[in-house]
2 protein chains.
Amino acid sequence: MAETGTRTPRERYRDQVRTEIKDHAREQIATAGASALSLNAIAKRMGMSGPALYRYFASRDDLITELVRDAYRSLADSFRTAAETGTDLPGLAHTLRAWALADPQRYFLVYGTPVPGYHAPDDITGIASEIMTTLLDACAAAGLSDGPATPFETHLGDHRDWAGDHPAPPESLHRALTFWTRLHGVLSLELAGHFTGMGFDPAELFASELAGLVEQRGE
Amino acid sequence: MAETGTRTPRERYRDQVRTEIKDHAREQIATAGASALSLNAIAKRMGMSGPALYRYFASRDDLITELVRDAYRSLADSFRTAAETGTDLPGLAHTLRAWALADPQRYFLVYGTPVPGYHAPDDITGIASEIMTTLLDACAAAGLSDGPATPFETHLGDHRDWAGDHPAPPESLHRALTFWTRLHGVLSLELAGHFTGMGFDPAELFASELAGLVEQRGE
DNA sequence: CGTGTTCGTTATAAGTTCTAACGCACGCTA
DNA sequence: TAGCGTGCGTTAGAACTTATAACGAACACG
């Protein structure tokens, strides 16, 4: 029989406590931001004393890194399941926007202000490239335009390390990048509240940018 | 005689110490991020003991708010002087990019991850609208395209609170917004290091997005 | 039913922000 | 020029934080 699935009671309890800690951490981050995350406060809310949490996470930074990993994992899963159900490029954009609006601070864990010295673990960059691959697949499936190659697309033809052995042509690489940067540009400013009080509907701006992306010609 | 310019020695000394504190704070933020800013560490580097800094800034948050205000002011000034010397839209984009690359953490003080509870003081939002006005002027001076109005532009025609009484037509408002969101999309991801290791040159992607913006049709 | 790993505790160190009280020194004014 | 008041820097201390160390108890496993 497969012994892998059966975990000892200790392991099951440990995982349960770890997820409970992360739940409280997420709630705290959503309320006051990641910089205000306090292990002590989490411990008190869980009814146990401070240092107990160090049995489950080596440090505060370790806990945050775990939350960042979960955030990447969550986005990658959302993208993957969307792609597996035959979602096209606009559908992927809608998936991204829904994922971002569901938990803004989770979005900023992935795409927010970086800490100068910090380098993400290798597995996290692996998840990031997994997200990129899903996006590339969708862009390759969306077809090509009829215009000539732009200067940046010829540049991409010579600098496509990030695409690995993906068969997508430079124009698809270009569209994947603009999909990423343009939608992130709208979403990050919207989530950061830079549009509040301006009157217009951010969803319409997002839709407008998306329309430009699928119509090949940008606008 | 105008007594306004003459300041007492106490005031001059106070301003000098304040700017010295902010210089150390900026250096510290550039090194380890805004969340790692420590008043104690600044005081020790300046050769004085911790609580002395509270004569100059009411709190740590007050110092950070001051740095945010300076960052906004710096960007607004860069935009204004660029506009006064007759800079067109691409020139404004270059000004923005140079300003961002000169000090990435300063960029993130303005456009980075927001703290959930925080609300910027009124004068900062005033500087933000000053930046927007300069951008709107440049977009209005760039002229109009020949195509029909997009759905979002008609939406903007009814929701132009943020433009105040600016005479720019909805298409110019639209271009100002896309100028903002698209260039921010590229810049923020570049400064956050999300392009490192991908092989292509972020400057070329920036130039590509800029080209799409000035050619009316987006791409 | 022992035995050993794991967990949670308290104590402690070193750091942080920030307030309070004290004293000195500087600059303005008489 | 002499004094007085304002402002500055100090130390002391409270209330936090992260993190380590040592201890004891509970639990699962052989």
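Residue numbers start from 1 in every chain, and the chains themselves are labelled A, B, ... in the order their sequence lines are given, proteins ahead of strands. None of these values were measured; they are calculated from a predicted model.
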Using the salt bridge (charged side-chain N to carboxylate O under 4.0 Å, His left out) rule, take A:Glu130 and A:Arg73 through it: C-alpha gap first, then chi angles, then the decisive distance, then the call.
-> CA-CA 10 Å; A:Glu130 178 184 333; A:Arg73 184 79 269 154; 2.8 Å; yes
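- The side chain of A:Lys44 lies closest to D:dT17 when the candidates are D:dA19, D:dT17, D:dG9.
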Pairs of donor and acceptor atoms involving the side chains of residues 35-49 of chain A, under 3.5 Å and at least two apart or interchain, shall be tabulated with distances.
residue : atom : partner : partner atom : Å
A:Ser38 : OG   : A:Asn40 : N            : 3.4
A:Ser38 : OG   : A:Ala41 : N            : 3.1
A:Arg45 : NH1  : A:Glu27 : OE2          : 3.3

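- Taking the ring-ring contact (aromatic ring centres under 6.0 Å, His included) definition, one finds that B:Tyr72 meets it with nothing, sequence neighbours left out.
- Of the charged side-chain nitrogens involved, at least one lies within less than 4.0 Å of a carboxylate oxygen, so that B:Arg80 and B:Asp77 count as a salt-bridged pair.
- Judged as a salt bridge (Lys or Arg N to Asp or Glu O under 4.0 Å), and not counting sequence neighbours, B:Asp201 has no contacts.
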Could you list the donor-acceptor pairs under 3.5 angstrom formed between side-chain atoms of residues 109-122 of chain A and any protein atom two or more places apart in sequence or on another chain?
residue  : atom : partner  : partner atom : Å
A:Thr113 : OG1  : B:Thr113 : N            : 2.8
A:Tyr118 : OH   : A:Thr65  : OG1          : 3.2

Give every pair of a protein N or O atom and an N or O atom of nucleotides 21-30 of chain D that lie under 3.5 Å apart, one pair per line with the distance.
residue : atom : partner : partner atom : Å
D:dC27  : O2   : A:Arg10 : NH2          : 3.1

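- Shown here are the side-chain hydrogen bond (donor to acceptor under 3.5 Å, both in side chains) partners of B:Tyr107, two or more places apart in sequence or in another chain: B:His184.
- Reading DNA chain C from its 5' end, the first and the last nucleotide to sit under 4.0 Å from a heavy atom of chain A are C:dT5 to C:dA11.
- The CG-P distance, from B:Leu53 to D:dG7, rounds to 18 Å in whole Å.
- Between B:Arg14 and D:dC8 there is a side-chain N or O to OP1 or OP2 distance below 4.0 Å.
- Shown here are the ring-ring contact (aromatic ring centres under 6.0 Å, His included) partners of B:Phe195, two or more places apart in sequence or in another chain: A:Trp180, B:Phe200.
- Between A:Asp70 and A:Arg106 there is no salt bridge, since no side-chain nitrogen of the basic residue lies less than 4.0 Å from a carboxylate oxygen of the acidic one.
- Looking at residues two or more places apart in sequence or on another chain, you find no salt bridge (Lys or Arg N to Asp or Glu O under 4.0 Å) involving A:Arg14.
- Near-neighbour residues of DNA chain D inside residues 56-66 of chain A, defined by a heavy atom below 4.0 Å, number-ordered: A:Ser59, A:Arg60.
- B:Asn40 has its CG atom 12 Å from the P atom of D:dT11, to the nearest Å.
- Defined by atom type and a distance below 3.5 Å, a donor-acceptor pair is present between the side-chain atoms of A:Trp99 and A:Ser74.
- Remark: B:His159 pairs with B:His155 by the ring-ring contact (aromatic ring centres under 6.0 Å, His included) rule, at least two apart or across chains.
- Sorted by residue number, the list of members of residues 22-35 of chain B with any non-hydrogen atom under 4.0 Å from DNA chain C is empty.
- For the pair B:Arg26/B:Gln105, no side-chain contact is recorded, criterion being any heavy-atom separation below 4.5 Å from C-beta on.
- The residue among A:Tyr54 and B:Val17 whose nearest nucleotide of DNA chain D is located toward the 5' end is B:Val17.
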